[in-house]
2 protein chains.
Amino acid sequence: MDFSIGDMSRQTGVKIPTIRYYEKEGLLAAPVRSEGNQRRYGEADLDRLGFIKHARDLGLPMAAIRKLLELSEHPDRLCTDANRIANEQLAAVRQRISHLKKLESELARIATSCDGSHQVADCSILKAFGDHGQCAGEH
Amino acid sequence: MDFSIGDMSRQTGVKIPTIRYYEKEGLLAAPVRSEGNQRRYGEADLDRLGFIKHARDLGLPMAAIRKLLELSEHPDRLCTDANRIANEQLAAVRQRISHLKKLESELARIATSCDGSHQVADCSILKAFGDHGQCAGEH
DNA sequence: CTTGAAGCTCTAGTCGCTATAGATTGTAGA
DNA sequence: TCTACAATCTATAGCGACTAGAGCTTCAAG
């Protein structure tokens, strides 16, 4: 009927110190305690932690998750904010992808310019890291 | 002939507190000081800071940069290590890209499932964040 | 010589955890 | 019931790579 912090961790994949951290940060309510002062959680806590885990895996910062959790406590409101948060996060992920792709192509150029068999003095890798001029674009 | 910390910052795009931080961390040597205790840099420092900036922009962690800088001080050695560092970094970037692409498709699905015009109680965004079961794969 | 920009040091804060230490509690087997 | 050992507790510090702020001093142009 109720779970220890270890049960919560196993069920959600969130590590134990992280669960305590979420409690300290107010994402999870402080649960009831056993006689010996150990945390005892219920189903609702488990669901909430699962929500947090999934959102974190999707890259949402804790502030965004906090907002979504607040929202979900007001089922009568419009979900404009939830929609905005999801779209902002999507835009951020897309931007990160396009940035990383630029880096990928540049790193690939740098890495293949050297087979590791010669001396540092002539190494095109070290030259390339030092000299932005060879890069295709800005970064 | 020599530069203030502000000159260094303008020339490389590295912010002033960050330059001092790099010095504290040993990536930059402590430069000579003016009579009034202000930092005075030379061309070599400028080049070195430019190297660090470029490498950071490419996503290399400070530890890797430290290694490359050490390497460049031994021009007689083989550049095996430089090659390895570049390839490791490339692999890391590629992995991050593929991870982000998974997140992108999932977030896109979540974001388009809601136009923001209805009530939170029925919001598929909040449901989707709470339920991993709808996702295509692991993450 | 004055004034305002630029520099100095030091501390603390950011984000999202993770690690460690040392003490206490819960639980299963003998 | 006793014992052993796993699990949990609190509190603190560390990670990476900066960033911000306070309160002071120095530099350089007019």
Side-chain angles (χ1 to χ4, degrees), chain A residues 1-28 30-41 45 49 51-69 85 88-89 92-93 96 99 103 139, chain B residues 1-28 30-41 45 49 51-69 85 88-89 92-93 96 99 103 139:
Chain A
M1 200 67 257
D2 53 14
F3 313 113
S4 71
I5 196 169
D7 295 332
M8 294 281 279
S9 175
R10 272 181 295 277
Q11 299 241 29
T12 60
V14 178
K15 290 187 185 142
I16 290 173
T18 307
I19 297 175
R20 290 196 276 249
Y21 167 74
Y22 288 160
E23 179 183 326
K24 189 161 69 82
E25 294 302 305
L27 291 191
L28 289 176
V32 294
R33 300 286 184 129
S34 73
E35 285 202 6
N37 198 36
Q38 299 192 358
R39 289 167 179 82
R40 291 295 175 255
Y41 297 93
D45 298 308
L49 183 55
F51 181 100
I52 296 169
K53 173 66 159 68
H54 193 201
R56 285 292 304 130
D57 284 348
L58 288 171
L60 276 77
M62 283 173 63
I65 297 174
R66 218 183 294 271
K67 282 225 176 110
L68 290 176
L69 287 169
I85 289 170
E88 278 172 4
Q89 187 56 29
V93 166
R96 271 190 279 161
H99 184 210
L103 300 188
H139 41 164
Chain B
M1 201 68 260
D2 54 12
F3 314 112
S4 70
I5 197 168
D7 295 332
M8 293 282 278
S9 174
R10 273 182 295 279
Q11 299 242 31
T12 60
V14 178
K15 288 186 187 145
I16 290 174
T18 308
I19 297 175
R20 291 196 275 250
Y21 167 74
Y22 287 161
E23 179 183 328
K24 190 158 70 81
E25 294 301 304
L27 291 191
L28 289 174
V32 294
R33 299 286 184 129
S34 73
E35 285 201 9
N37 198 35
Q38 298 193 356
R39 290 168 179 81
R40 292 293 175 257
Y41 297 94
D45 298 309
L49 183 55
F51 180 100
I52 295 168
K53 174 68 158 65
H54 193 200
R56 284 293 303 131
D57 284 348
L58 288 170
L60 275 76
M62 283 174 61
I65 297 175
R66 216 184 295 271
K67 283 226 175 109
L68 290 175
L69 288 169
I85 289 170
E88 279 171 4
Q89 187 56 29
V93 167
R96 271 190 281 161
H99 183 209
L103 299 188
H139 40 171

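Letters go in sequence order (proteins before strands), and every chain restarts at 1. What you are looking at is a predicted structure, and each value in this text was computed from that prediction instead of being measured.
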- Round to the nearest Å and state the distance from B:Glu25 atom CD to D:dA17 atom C1'. 9 Å
- Provide, to the nearest angstrom, the distance between the CD1 atom belonging to A:Ile52 and the P atom belonging to C:dC17. 10 Å
[X] side chain near [N] phosphate (N/O to OP1/OP2, under 4.0 Å):
X       : N      : result
A:Ser34 : D:dT8  : no
A:Arg33 : D:dT10 : yes
A:Ser4  : D:dT8  : yes
B:Arg20 : C:dC8  : yes
A:Arg39 : D:dT8  : no

- Message: With nearest nucleotide decided by heavy atoms, which residue, B:Gln38 or A:Tyr22, maps closer to the 5′ end of DNA chain C?
- Response: B:Gln38
- Query: If you find the nucleotide of DNA chain C closest to A:Gly36 and the one closest to A:Thr18, which residue's nucleotide is nearer the 5' end?
  - Reply: A:Thr18
- Starting at CG of A:Leu49, measure out to CE of A:Met8 and round the result to the nearest 0.5 Å. 4.5 Å
- Rounded to the nearest 0.5 Å, what's the gap from CZ on A:Phe51 to CG on A:Leu68? Could you check? 4.5 Å
Side chain of [X] only, please: which of [options] is the nearest?
X       : options                : answer
B:Arg40 : D:dC27, C:dC17, C:dG26 : D:dC27
B:Tyr21 : D:dT8, D:dA17, C:dC17  : D:dA17
A:Pro17 : C:dT9, C:dG16, C:dT18  : C:dT18

- In a check of side-chain contact (heavy atoms from CB on, under 4.5 Å) between A:Ile5 and each of A:Arg10, A:Arg39, A:Arg40, A:Gln38, which one passes? A:Arg39
- Message: Considering every strand and a 4.0 Å limit on heavy-atom distances, what is the contact class for A:Arg56: base, sugar-phosphate, or nothing?
- Response: sugar-phosphate
- Is it true that a side-chain atom of B:Arg20 and a backbone atom of B:Lys24 form a donor plus acceptor pair closer than 3.5 Å? no
